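Encoded as structure tokens, the structure appears first; notes follow it.
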Amino acid sequence: MPELPEVETVRQTLLQLVRNKTIERVSVHWGNIIKRPQDPNEFKRLLEGQTILDIERKGKFMIFNMNDLSLVSHLRMEGKFGVFDASEEKPKHTHVIFHFDDGTDLRYDDVRKFGTMHVFEKGEELKEKPLKQLGPDPFEDAFSLEYFHEKLQRTSRNIKSVLLDQAVVAGLGNIYVDEALFKARVHPERLANTLTKDEAERVRTASVDIINEAIRQGGSTIRSYINSQGQIGMFQQQLKVYGKENTGCPQCGTEITKLKVGGRGTHICPQCQS
DNA sequence: CTCAGTACCTGGTTGC
DNA sequence: TGCAACCAGGTACTGA
């Protein structure tokens, strides 16, 4: 489901609901979600008694800061967090429940079971996978033209695959890459090392603009995304090419077409993007 | 090292 | 209507 704007919206809405709550007990109904420590029982034991002090985000990962530990969570395709009264029935796809000492639960729901959770000693999370390998977020100073152009020069992959590579820039996914490349007027199959510096700058600034505007609008709801207060996003109304195949390009009227790039469904205006 | 292909899962949609 | 094939906001692992 979520790319950076959706994760950021979940972070903000969820923080209001769980800040300063203390975990009394954890239940795990699908152990494969838990990646570190490997044993879910150990995971449960570690988190007992911890208080959620803050939630940060890096790329598409959320980082729950607690007294002694950091919980790193990735929602992958369909993960959701919500806070419920402990008396409410457990839905079918709830896999991890953090029971607070005030009678409420933080529940992790994930139809496809792709999401991940890692627990680290506080401060260690950035030194190890999965956070260690992430590149900068799009709006960080480190995502400069020099940095980005250099990365593009060093690979012969297509530009779409490079933008999806979280080690280059963290947070872009299939929707926002298609939108950014449309805005930058660059074809997704262009080989990265053939982009001019001007094209690289167009792609870079388009990516930053799209992500910032999508955050402002609470993300995009295409099929299932909702934030932690149960609200859908609004940015899907601004999408120009993603999911718009067989409609007219808003710039030139040419029909938007869908193709596969790097195994992912990809939407372009064949006239505007070359 | 880089890269394409595949695996991980469930459910909605499409096409015969 | 039934059912198989394909598709989905993602990433880790494999082997060439």
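Predicted model, so just to flag it, every value in this text is computed and none were measured. Quick note: numbers below take in every heavy atom, side chains included, and nothing from hydrogens, waters or symmetry partners. Chain identifiers are assigned alphabetically (A, B, ...) following the order of the sequence lines, protein sequences preceding nucleic acid strands; residue numbering begins at 1 within each chain.
- Between C:dC3 and B:dC9, the distance separating the two P atoms is 25 Å to the nearest Å.
- A gap of 24 Å separates the P atoms of C:dT11 and B:dG12, to the nearest Å.
- At whole-Å resolution of the value, CZ in A:Arg36 and P in C:dA12 are 15 Å apart.
- Residue A:Lys129 has a polar side-chain atom (N or O) positioned under 4.0 Å from OP1 or OP2 of C:dC13.
- A:His187 and A:Leu259 make their closest contact through CE1-CD1, 4.4 Å (heavy atoms, listed as atom of the first residue, atom of the second, distance).
- Remark: A:Asn174 is not in phosphate contact with C:dG10, judged by side-chain N or O atoms under 4.0 Å from OP1 or OP2.
- For the pair A:Arg57 and A:Asp137, the salt-bridge criterion is met [side-chain N within less than 4.0 Å of a carboxylate O].
- Proximity of A:Lys258 to the phosphate of C:dA8: a side-chain N or O atom is located under 4.0 Å from OP1 or OP2.
- One finds no side-chain N or O of A:Thr116 lying less than 4.0 angstrom from the OP1 or OP2 phosphate oxygen of C:dT11.
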> With the sugar-phosphate defined as primed atoms, P, OP1 and OP2, and the base as all remaining atoms, what B/S/- string results for nucleotides 10-15 of chain B, 5' to 3', for protein heavy atoms under 4.0 Å?
Replying inline: BS----

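- Closest to the side chain of A:Arg76, out of B:dC3, C:dA12, C:dA8, is C:dA12.
- In this structure, A:Phe114 packs face-to-face on the six-membered ring of B:dC8, meeting both the 5.5 Å centre cutoff and the 30° plane limit.
- A salt bridge is absent between A:Lys21 and A:Asp101: the closest approach of a Lys/Arg side-chain nitrogen to an acidic carboxylate oxygen does not fall below 4.0 angstrom.
- A:Tyr108 has its ring centre no less than 6.0 Å from the ring centre of A:His95.
- Taking 4.0 angstrom as the limit, A:Gln133 places a side-chain polar atom (N or O) nearer than this to OP1 or OP2 of C:dA12.
- In this model, the phosphate group of B:dC3 is approached by a side-chain N or O of A:Thr155 to a distance below 4.0 Å at OP1 or OP2.
- For the pair A:His74 and C:dG10, the criterion of a side-chain N or O lying under 4.0 Å from OP1 or OP2 is not met.
- Atom pair A:Ile222:CD1 and C:dG10:C1' shows a separation of 15 Å (rounding to whole Å applied).
- Shortest non-hydrogen contact noted between A:Tyr242 and A:Glu179 is N-OE2, 2.8 Å.
- C:dA12 sits 23 Å from B:dG11 when the C1' atoms are compared, rounded to a whole Å.
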